[in-house]
Chemist: 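The structure's right below; bear with me while I get my questions together.
The residues of the chain are indexed from 1 along the displayed sequence. Everything numeric in this text was worked out from a predicted model, so none of it was measured. Numbering of ligands and ligand atoms starts at 1, following listing order.
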Amino acid sequence: MGQLKLSGSLQVDLEKLANVVNVALPALTLLFGFLGVRVSFNYHFLTVSFLLLTLVNLYYLYGQKKHTLLANFGIIAQLRYMIESVGPEFRQYLFMNDTEEKPFSRVERSEVYRKAKGIDSSSAFGSQLLFDDSEIKLRHSMYPLSKDRIRPYRLIFGEERGAPQPYTLNHPIIISAMSYGALGERAVRALARGARKAGIPMNTGEGGYPKYHLMEDCDLIFQMGTAKFGVRNSDATLNEGKLQEIAALPQVRMIEIKLSQGAKPGKGGLLPKEKITPEIAELRGVPMGQDVISPSFHAECTTPDATAAFIHRVQRLSGLPVGIKLCLGCPDEFRELVQAMKRLDSFPDYISIDGAEGGTGAAPKAFMDDMGVPIFAALPQVQKILVEEGARKRLKLMAAGKLVNPGRQFMAFSLGADAIYTARGFMMGIGCIQALQCNKNTCPVGITTHHPHLQHGLDVEEKSERVAAYVASLVHDHQELLASIGKTSIAELDSSNLYQEGAY
Ligand SMILES: Cc1cc2nc3c(=O)[nH]c(=O)nc-3n(C[C@H](O)[C@H](O)[C@H](O)COP(=O)(O)O)c2cc1C
């Protein structure tokens, strides 16, 4: 910290500055004390202020041992902490260009914002993305189709095994799992109401009984995480009676068993204590005041055969289509699971692959950054294994992992996905500004917080319209893309529709 670099050649010597401040604070205290006595009592306001600053400075220099910077440089070192704390905002608004921000660049976010607001999302002059060999692109046809030849989308979950209550999806987009807990009440209700208007289902996330989702009467996919909130026995095994009660709710159309998640594969869910209200504690059956950490695997799923048997059991108990969600780790383990399904002659109704780039309300950084296979690498491997094992026609395949715009969604379709899950696409749809505070309960736009004053500005009705507009715009673009590629339905897409590095 000795030198604060302001630009190429301008540097501030902080050691000297700190020495000046260390002398100036007591000197100014004495000066204003003197003026307060001799000239006007009003000077004592400044005397008191500088006296306080002097005391704080002395405490930093000699009284505390936690922060080396403060002990070495005193109060001036606070400048660094202050600048550091507002750094992300400055970078986001002032310094980063339109393609730099992470995880979503401004270009990606504004496309979602414009779609959700129903504004024309075309752009001018040229793409801002890089065009180099590592890009994946869609291949258009020399003979595009007219749009009236595009067939309506329809996907029936459970049809392969003749499930008692199959579920039909009419658009290839689903709101991915986000629990009430990770999201606040208003965000859940805006998404659920928007899902109803858009005619798509919403995944409840692993938050237990879906109280707020049910209020909006949309189709639901009830998610059972490894802690089985809402359907658990005290030892985290399945409580069959509770599962049957939830499956009997008319809004609940499918059940999803979450085996793992892209942002933290091999680790259970995490809800920081800051976000646990008495209501959440009750809905999940957990204590207040401590982080809720789910087990890293289902108590029942200790081997491939046991996992296949558990999926079959949930299908039998619920009567609903049942899917599994996982992030690909070792392909051999995935193949063993599929082989176990074959031995049992029972397959889940869908497998949802969550790419390592997936989002989360909270996760350890090492897991978020360095664990799991990204979606465009995972999908071809999963598709290949399912085809080789003769299982592909027994189930549906879904994909997630930053698939928030139509182009990337089409890449996933071309690599084998039948439908797309997105969580952060819909968060942005209802106004997420990527403040990166989902784990702190301080979300400034009221989405991942339970503070009433932060949720105050999130208007459920207004945001639900945006959800519907986002879906309508995606569906519109899907049709345009299909026509240009020369295919009449998403089901016809395959890897020959992609240009990839090395695959000419
Ligand atoms: C705030 C937040 C909460 C989430 N909660 C869950 C959850 O409860 N269960 C789950 O399986 N995935 C959860 N996820 C992961 C998403 O469902 C999704 O799989 C992942 O973010 C990839 O999709 P995306 O890139 O479109 O966001 C959560 C993600 C976010 C951003």
Chemist: Which of the listed options, K402, K264, K258, M428, holds the heavy atom that is closest to atom 25 (O) of ligand 1?
Modeler: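 That would be K402.
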Chemist: Between E160 and R392, is there a salt bridge with N-O shorter than 4.0 Å?
Modeler: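 Salt bridge flag = no for E160 with R392.
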Chemist: I want to confirm something. Looking only at heavy atoms, which of M224, K325, M178 is nearest to atom 12 (N) of ligand 1?
Modeler: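 Selected option, by shortest heavy-atom distance: K325.
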Chemist: Could you list the atoms of ligand 1 found under 4.0 angstrom from a heavy atom of G358?
Modeler: 20 (C), 21 (O), 22 (C)
Chemist: Would you mind listing which atoms of ligand 1 come within a distance below 4.0 Å of any non-hydrogen atom of G205?
Modeler: 8 (O)
Chemist: Taking the six-membered ring of F229, is the NZ or CZ of R284 close enough (under 6.0 Å from the centre) and on axis enough (within 45°)?
Modeler: yes
Chemist: Taking both backbone and side-chain atoms of Q223, is any N or O found less than 3.5 Å from an N or O belonging to ligand 1?
Modeler: yes
Chemist: How about Q381 and F334: do any of their side-chain heavy atoms sit closer than 4.5 Å?
Modeler: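 Side chain of Q381 against side chain of F334, heavy atoms only: no contact under 4.5 Å found.
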Chemist: Quick check on contacts: which atoms of ligand 1 are under 4.0 angstrom from a heavy atom of R424?
Modeler: 24 (P), 25 (O), 26 (O), 27 (O), 31 (C)
Chemist: Is NZ or CZ of K264 both nearer than 6.0 Å to the six-membered ring centre of F367 and within 45° of the ring axis?
Modeler: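 Ring-cation test returns no.
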Chemist: Taking the basic N atoms (NZ, or NE/NH1/NH2) and the acidic carboxylate oxygens, is any pair closer than 4.0 Å for K402 and E357?
Modeler: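 So K402 does not pair with E357 through a salt bridge.
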Chemist: Heavy-atom contact under 4.0 Å between C438 and ligand 1?
Modeler: no
Chemist: Donor-acceptor pair, distance only, cut-off 3.5 Å: does the side chain of K267 make one with the backbone of S294?
Modeler: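 Checking the backbone N and O of S294 against the side chain of K267, no donor-acceptor pair under 3.5 Å is found.
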Chemist: Tell me the nearest of T422, I174, L183, L326 to atom 26 (O) of ligand 1, using heavy-atom distances.
Modeler: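 Residue with the shortest heavy-atom distance to the ligand atom: T422.
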Chemist: Strictly below 4.0 Å, N to O, side chains only: are E492 and K487 in salt-bridge contact?
Modeler: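 Result for this pair is no, no salt bridge flagged.
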Chemist: For atom 2 (C) of ligand 1, find the nearest protein heavy atom and state the residue, atom name and distance (0.1 Å precision).
Modeler: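 Nearest protein contact, heavy atoms only, for atom 2 (C) of ligand 1 is G361 N, 3.5 Å.
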Chemist: Within the 3.5 Å criterion, strictly below it, is a donor on K115 or S473 matched to an acceptor on the partner's side chain?
Modeler: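 Their side chains do contain a donor-acceptor pair, which is all the 3.5 Å distance test asks for.
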Chemist: Looking only at protein heavy atoms, identify the closest one to atom 20 (C) of ligand 1 and say how far it is in Å.
Modeler: G359 N, 3.4 Å
Chemist: Could you list the atoms of ligand 1 found under 4.0 angstrom from a heavy atom of M427?
Modeler: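 Ligand 1 atoms under the 4.0 Å threshold to M427: 31 (C).
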Chemist: Report, in ascending order of atom number, the atoms of ligand 1 lying under 4.0 Å from any heavy atom of D354.
Modeler: 18 (C), 19 (O), 20 (C), 22 (C)
Chemist: Check for me whether K211 meets the cation-pi criterion with Y180, that is, NZ or CZ under 6.0 Å from the six-membered ring centre and within 45 degrees of the ring axis.
Modeler: no
Chemist: Which atoms of ligand 1 have any heavy atom of E206 under 4.0 Å away?
Modeler: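 Going through ligand 1 atom by atom, the ones under 4.0 Å from E206 are 7 (C), 8 (O), 9 (N).
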Chemist: Look at atom 4 (C) of ligand 1 and find which of S176, G355, G262, A177 reaches it with the closest heavy atom.
Modeler: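 Answer by nearest heavy atom: A177.
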Chemist: Can the ring centroids of H478 and F413 be said to lie less than 6.0 angstrom from one another?
Modeler: yes
Chemist: Give a yes/no on ligand 1: does E256 have at least one heavy atom closer than 4.0 angstrom to it?
Modeler: no
